[in-house]
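Start at 1 and go down the list; that is how both ligands and their atoms are numbered. Residue numbers run from 1 in the order of the sequence given.
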Amino acid sequence: MSLRFTTQKTLEKLQQKAQKTIQRSLDQHIKLAVTGFSGSGKTALITALVKHLTTQANSQNLPFFDVVRDHRLIACKLVPQKALDIPTFDYHSAAACLLAEDPRWPPSTERINTLTLALKFRSRSGIRQHFSDDHTIYLELIDYPGEWLMDLPMLNMNFEQWSRSQLDVLSQSAYSQYSEPLLAQLDKFDATAQVDSSALNMLSESYCTLLKTLKRETKVAKLQPGRMLIPGDLAGAPIIQFFPLPNHDLVEKAGTQYEQLAQRFEAYKKQVIEPFYKEYFCAFDRQLVLVDLIGALNDGPATLVQTQQALRETMGMFKHGKSGVLQRLFRPKIDKVLFAANKCDAVAITEQDNLTRLLHELLCEHENELKFAGVEVDTMTISSVKSCQHKQVQDQGKTLNCVYGKPLNESQFITFLPPEPPDHVLSSSNWPDQGFEFLSFYPMPAYQGQLEHIRLDHTLQFLIGDKLR
Ligand SMILES: Nc1nc2c(ncn2[C@@H]2O[C@H](COP(=O)(O)OP(=O)(O)OP(=O)(O)O)[C@@H](O)[C@H]2O)c(=O)[nH]1
Ligand SMILES: [Mg+2]
């Protein structure tokens with residue numbers, strides 16, 4: 001009798017344990033890579049995403065996010081992150097900027113930081129339903145300076161290849177007004193001479209100034225090394241003091257300036273980019289690629305082409321493809337990628353689809369490769385934080401689709417007729433003479449503390465909807 005009782009108890013315990021184990025394996029961690037060059041809107045998007053999921057998760061606000069539409073999302077909250085050595089994303093300060101009476105954009109990011117969101121939900125179907133009423137998935141996000149992303153392709157280059165690719169960009173006529181003085185200095189530089197630290201430092205300084213000018217005046221993404229722009233704790237270290245050289249028909253002789261620069265370049269790859277890549281960029285499950293097409297169009301045809309190249313190069317650094325259940329546990333690969341033309345609120349509502357088509361054309365070759373590798377890919381236009389509203393204006397019997405908002409650095413709201421973005425890549429000769437002049441606006445004041453978005457719900461549905469069934 002007592003033996004039967006004990007056996008039954010043991011069985012019950014075992015059953016509970018098995019249930020817990022299965023439950024734990026169903027509670028999943030999803031690492032979402034929010035990828036994009038500097039100014040593409042990563043920080044604003046992460047802030048908006050937390051705000052909408054934690055305080056605005058209702059079916060009017062997120063109608064295309066199934067778990068919300070079906071009233072199955074119980075709650076969502078920020079939880080302590082697993083990685084204890086990375087600063088926590090300062091959500092409250094970033095949200096305070098967007099929610100202020102006089103809203104501002106959160107500042108540009110200067111270091112890496114992370115956050116984890118726990119989403120508790122009721123399952124609709126499948127195996128989960130049998131084990132528990134509710135389930136939790138943990139969404140991990142990392143925010144970082146966009147410049148550091150642009151460093152990743154350097155891993156596949158030696159000093160000579162890198163010099164060529166960087167000088168290719170700098171010598172484009174669109175940027176020559178800024179780069180000519182430095183290019184002239186580089187032509188005169190004697191790379192075969194013995195190391196002269198002050199000469200190297202002086203030229204590194206000039207190169208750094210040029211990168212900063214290009215960042216301020218243009219939207220060109222390929223500004224390497226990224227740590228020259230956002231040095232973090234490397235400010236002043238020789239490892240970030242190098243520059244591209246035009247002449248490589250030289251023997252890499254010991255003790256020459258050439259050797260010194262090549263060594264700094266290799267050290268930068270090994271000691272700066274590689275650890276960053278291995279620690280933070282290797283193990284993602286899903287990827288959102290934010291692209292600032294509006295900024296590129298404002299800047300001109302050269303920057304649009306540069307954006308396309310830079311996207312191709314950086315995308316090649318991520319591990320994409322489908323992996324089996326067991327592989328996923330140990331060697332995750334990105335199996336869903338969403339390319340999003342961000343900031344579409346600055347374009348008339350009737351023209352927003354043009355941005356999707358343009359982005360699709362820019363990336364179609366790459367999309368094709370991803371799909372072939374078994375990756376699910378989509379392209380859309382979004383705006384994580386609305387900075388202006390659609391407004392129709394009647395003018396001489398015509399209806400004009402305008403936007404209404406407060407332009408950056410101005411104090412009044414205005415109604416503005418934005419240019420029509422092209423739906424395909426224009427060559428320089430087809431580029432309109434007057435160029436494109438989209439305006440940038442402050443975020444819209446949040447009515448009753450509620451932020452507005454465009455297609456953030458579609459974004460969530462595509463990226464994590466399947467994990468919340
Ligand atoms: N219209 C519009 N503008 C946006 C949106 N998100 C960001 N912006 C603009 O883009 C700028 C850069 O946004 P961030 O979120 O700081 O971009 P980031 O990718 O984090 O940039 P780094 O931190 O420099 O890498 C903002 O200051 C805004 O001017 C959006 O949803 N709509
Ligand atoms: Mg940022």
Original post:
Within the structure, does Phe441 bring an N/O atom to less than 3.5 angstrom of an N/O atom in ligand 1?
Top reply: no

Original post:
Looking only at protein heavy atoms, which one is nearest to atom 15 (O) of ligand 1, and how far off is it?
Top reply: Ala44 N, 2.8 Å

**OP:** May I ask you to check whether Leu45 has an N/O atom sitting below 3.5 Å from an N/O atom of ligand 1?
**Re:** no

Original post:
With only distance considered, is Thr109 within less than 3.5 Å of ligand 1 through an N or O on each side?
Top reply: yes

Original post:
Does Tyr144 bring an N, O or S atom to under 2.8 Å of the Mg ion (ligand 2)?
Top reply: no

Original post:
At under 4.0 Å between heavy atoms, which part of Phe37 makes contact with ligand 1: side chain, backbone, both or neither?
Top reply: backbone

Original post:
Is the closest N or O pair between Ala346 and ligand 1 shorter than 3.5 Å?
Top reply: no

**OP:** Before signing off on this row, confirm whether Lys343 and ligand 1 have an N or O atom pair separated by under 3.5 Å.
**Re:** yes

**OP:** Under 4.0 Å, heavy atoms only, figure out whether ligand 1 is touched by the backbone of Thr43, its side chain, both or neither.
**Re:** both

**OP:** Return a yes/no value for Leu408: is any of its N or O atoms, backbone included, closer than 3.5 angstrom to an N or O of ligand 1?
**Re:** no

Original post:
Is the Mg ion (ligand 2) under 2.8 Å from any N, O or S atom of Thr109?
Top reply: yes

Original post:
Which ligand 1 atoms does Pro145 reach within 4.0 Å, using its non-hydrogen atoms?
Top reply: 25 (O)

